[in-house]
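First comes the structure, then the notes that go with it.
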Amino acid sequence: MSPEPADRPGSSAPRSPGVRRAWAAWPGEVASRLAPLALALAFVAGLCALLGASPAAVAAALWDGAFGSADQAARVLATLAPLLLCGSGLLFTFRAGLYHLGVEGQLVLGALCATGAARALWPGLPAGLVVALCVAAGALGGVLWGALTGALHTRGRVSEIFAGLGMNFVAQGVVLYLVFGPWKRPGVASMAGTEPLDSALWLSTLGGTELSPAALLLAALALVGTAVVLGRTHFGLRLRAVGLSPEAARVLGVPAAREMLAAFAISGALAGVAGALQVLGTFHRLLPNVSSHLGFLALLVVMLAGRRAALVAPIALFFSALNVGSLKLPMTLGLESSLSGVLQGVLVLLALLSPWKARVGRGGGRPEEA
Amino acid sequence: MDDGGELLSLLATALAASTPLVYAAVGETLTERAGVINLSAEGSMMLSAMVGFAAALTTGSVLAGFAAAAATGALVALVVAIGGIHLRRSQIAIGFVLAMLCADLSSVLGGPFVRVPGPTVPAMSIPVLRDVPILGPLFFRSDPLVYASYLLVACAWVFLYRTRAGLLVRAVGEQPAAAHARGAHVTRVRTAATLVGGALVGIGGAAYSLDFKAGWSHRHTAGYGWIALAIVIFGGFDPVRAALGACLFGVLSSMASLGQSALPSVPAQVFSVAPFALMIVVLALTSSGLLERLGALLPDAARRPLLRAFDATPPAALGKPYPAAADGAEARPRGADQGTK
C-alpha cells in the first residue's frame, strides 16, 4: 500500500476499476459537495425571511462585511490563520480516528503559556526573541494539554471526546483563575482580560489592519506541512492504519497508543501556536474568551472538508469570511451575528447526513469517515 | 442554630440550581443506556430554553412553555436519531454539530426575547411536609418543577431496573445483537429512548429559563449541556447517581458564592469547571483499572461499595451503530426486524 498521491482517505471513487469509473462518479461527487450547500443556503434564506429580512440583503451585507473594505478583508485573513492551524492539527487526530474536541482547550493553553512567557521574559530579552519564545511556549503548552488528553485516552482509556471536553473546561478554569487572580489588571479584574502586552511584542500587521502576515504564513506552512506529512510519509500512513483499525494496526506492529499520542501532541502544538498568535497578533492580552470558539469552528471546517487537507483552506476561508461578515449584521439589518454560525452548522450537518456521501465514500475508510 | 439555617438555605439553593441538570442528565442517561450518544445537549438545552421561554411568554402559560421546550429537545434528538441510528453516521459528529448549530440558532431566534420579563413557575410549598424539620425547608418549599424532578428520578430508576421496557432499553445498549435475536426492534427502541431523552433535555432547558434563572439572554444556559453530559458519566449511567451528581454540582456552584468571601482570590467562575475536573478524575480512575488496584488494598467489605459507587462503565454498545456497519443494510436478514415476540 503506497502512500496515495493526494491526501484523500478513500472518499473519492474507488481507484482499482480504472479511471472511467472515477470519471463516471464525478457528477455524484459534485452533487455530494453542492447539494448540502444549496440546501443550507435555502434553509438560512428561509430563516432570514422568517425573521423579516430579505435573503438577498443578508447576502449583500455578509459580502460587504467580509470584503467591503481592506480592513474587513484583512480581518478575514487574520481569522483564517488560527482556523488553518487548528484545522491542520485536527487533520492529524482525525486521521488517527479520533474525535478531538479538546482542540479548543489546547488553543486556550497556548494563549496562556504565551502570555506567561511574555510576562516572564519581557523586558529582560530583546523583543524579537521574546516573541519567538512566546510562540514556542504556546506550542509547548498545547503539546502538554494534547499529551494529557492523549494520555487520558490511551492510558486512562477515557473516551477522547470527554477527555478533550473536560480538558477544555479545565483550561478555561485556569485562564479564569489567572485573569481574575494573579494576573488581574491592577484595580479591576474583568472579563476584558489581563493588562495588554507591551506594544513592542505585538506582531507587526499589514498597514494598520489586523492581518499579521507572519501569522498567516505560519498557518499556511502548517497546512502544507500537514498535507505532506499525512500524504507522503510513513508516519502519515501509520496514523491512517491506526485510524482505520487500531486492533489491526497493532497486529501489524504499529503501536496504536503511541501514534495516537503523537497525533494529540502535534495537534496540541499547532493549536497552541494558534493560541499564542491570537495573543501576540490579535488581542495583545489574555482574556477568558481568547479562543472565540475558533477551535470548535476548525472542527466544523475539517468535518466539512471530509478530512482532506486540500479542502481545509477554501472552507476555512469561507467560514472565516462568514464570521467576519456577520459582525455587521446587527447594525445593518438588526439580525444576530450568530446567523453565520447557523449557516455553518446547517451546512456541516447536511454534509454529514447527505445520502450521496455514503455511496461515494464506499471506496474505503470507516463508516464514520463521512 | 443560625448556622444550621444558613446551611439549609444553602443546600436548598443548591437543589434549585441542580434541577435543570437533573432533567437533562436523567434524559441523557436514558438515551445513553440505549446505546446512543446525544452529544447535542449543550445546544439542545439552550435552544429549548429559548423556545420554552418564548412560548410561555407569548401564550402566557408556563405549561405551554415546557411543552414547546420538550418538543424542541425531541426534535433535535430526532435529527440525531435519523443520522446516528437510521443512516448510521457518526453520532459524535452529528451531536457535536447540532450542539454548535442549536446554540447559534437560539441566539438568532431569541433576539426579541432578550431580557424581557416573562412568566415563571409559581412557588408552591407542600402543606404538611414543609413543616418537617430539616427535610421540609430542604425539599418541600420550592415549586412543582422541583417536585416533579424527584418523581422523575424515581420513575427513571423504576423504569430502567424494574420494568420490561427498561430491560429492553438496557439490552439494546449492551448487546444489541442479542436483543435483536430475541425479537427486539433495536433501532425502534433506540429511537424512542433518544426522543424521550431529548425531550427531557429540552425540559431541562426550560427549567433553566422558566424557573432557575428565569428569562432569556444570549447563550443563557452556556455550559450546562456539557456539564449534564459530564454528570451522566460521573453518575455511572444511573439515573439516581446522575441526580446526585447534579446536586453535587449545585452545591459546588452555590458554594462558589460563599467561597467568594472566604477565598477572594479564587473567582467564582473557577468553580464551574469543577464537575469536569471531577469527571475526568473519576473516569481515569475507573477506566484505567487504577481504582480496582487501589480497592484490592482494602478489605472486602469496604471494596465492594467503593467500586460500585464509582463504577462508570459505559453501556457496551454506546455510540456503536446497529447493525454493525460492515454488514451493510442489505446484509441484514430480511424479516428479522419483524421477528415474533
Side-chain angles (χ1 to χ4, degrees), chain A residues 47 50-51 99 101 151-152 155-159 161-163 165-174 176-177 179-182 184 189 191 288 293 296-297 299-300 303 330 334-349 351-353 355 357-358 362 366-370, chain B residues 37 39 43 79 82-83 87-94 96-111 218-219 223 226-227 229-230 233 265-281 283-290 314 318-319 321 325-326 328:
Chain A
L47 190 66
L50 190 77
L51 293 168
Y99 272 97
L101 304 192
L152 275 171
R155 303 297 296 269
R157 299 200 205 111
V158 178
S159 142
I161 296 145
F162 290 103
L165 272 178
M167 297 298 278
N168 287 350
F169 274 79
V170 175
Q172 192 66 34
V174 176
L176 282 169
Y177 171 70
V179 167
F180 284 87
K184 70 171 176 227
M191 293 299 272
H293 281 114
F296 281 155
L297 192 62
L299 263 163
L300 294 187
M303 280 183 192
L335 289 173
E336 293 300 329
S337 57
S338 313
L339 194 68
S340 63
V342 175
L343 178 55
Q344 291 156 351
V346 173
L347 185 55
V348 179
L349 184 66
L352 283 172
L353 297 178
K357 214 95 190 212
R362 208 190 271 165
R366 291 204 304 189
E368 295 100 299
E369 288 208 332
Chain B
I37 301 181
L39 209 63
V79 179
I82 291 174
L87 297 177
R88 287 179 291 148
R89 305 293 155 79
S90 161
Q91 293 166 8
I92 305 295
I94 291 172
F96 174 75
V97 174
L98 279 172
M100 301 286 108
L101 169 61
C102 294
D104 283 323
L105 203 56
S106 76
S107 283
V108 170
L109 295 175
H218 285 299
R219 303 198 163 253
W226 296 129
I227 289 166
L229 285 175
I233 301 180
S265 63
V266 182
Q269 291 93 330
V270 171
F271 286 88
S272 66
V273 304
F276 269 94
L278 277 176
M279 176 200 73
I280 306 179
V281 170
L283 277 182
L285 276 177
T286 53
S287 18
S288 65
L290 201 61
L318 184 61

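Just so it is clear: chains get the letters A, B, ... in the order the sequence lines come, proteins before strands, and each one is counted from 1. Hydrogens, waters and symmetry mates play no part in the numbers below; they use all other heavy atoms, side chains included.
With a threshold of 4.5 angstrom between heavy atoms, A:L152 approaches chain B through side-chain atoms but not through N, CA, C or O. Proximity to chain B (any heavy atom under 4.5 Å) is restricted, for A:I161, to the side chain, taken from C-beta onward. Interface remark: B:L39 contributes side-chain atoms only to the contact with chain A (heavy atom separation under 4.5 Å). Using a 4.5 Å cut-off between heavy atoms, A:L343 does not touch chain B at all. If you measure heavy-atom distances from B:I94 to chain A, the contacts under 4.5 Å come from both the backbone and the side chain. Neither the backbone nor the side chain of A:L335 comes within contact range of chain B; no heavy atom of the residue lies under 4.5 Å from a heavy atom of that chain.
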Under the side chain to side chain contact (heavy atoms under 4.5 Å, CB included) rule, what do B:M100 and A:Q344 come out as? Steps first, then yes or no, please.
CA-CA 9 Å; B:M100 301 286 108; A:Q344 291 156 351; over 6 Å; no
Let's go through A:F296 and B:F96 carefully: what are the C-alpha distance in whole Å and the side-chain angles of both, what is the deciding distance for ring pair (Phe, Tyr, Trp, His ring centres under 6.0 Å) to 0.1 Å, and is it a yes or a no?
CA-CA 9 Å; A:F296 281 155; B:F96 174 75; 5.3 Å; yes
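The ring pair (Phe, Tyr, Trp, His ring centres under 6.0 Å) check on A:F162 picks up nothing, with sequence neighbours excluded. For A:S338, there are no side-chain hydrogen bond (donor to acceptor under 3.5 Å, both in side chains) partners, not counting sequence neighbours.
Taken from CD1 in B:I92 to CG in A:L101, the straight-line distance is 7.5 Å, to the nearest 0.5 Å. Atom CG of B:L105 sits about 11.5 Å away from atom CD of A:E336, to the nearest 0.5 Å. In this structure, the separation between CG on A:L349 and CG on B:L98 is 5.0 Å, given to the nearest 0.5 Å. The distance from the OG atom of A:S159 to the CG atom of B:L318 is 8.5 Å, given to the nearest 0.5 Å.
Put simply, of A:L300, A:V174, A:V170, the one with the most heavy-atom pairs under 4.5 Å next to chain B is A:L300.
Side-chain contact between A:L51 and B:L109 is present, with heavy atoms from C-beta onward closer than 4.5 Å. Side-chain contact between A:L353 and B:V79 is present, with at least one heavy-atom pair separated by less than 4.5 Å.
Between A:L352 and B:R89, the shortest heavy-atom contact is O-NH1, 2.8 Å.
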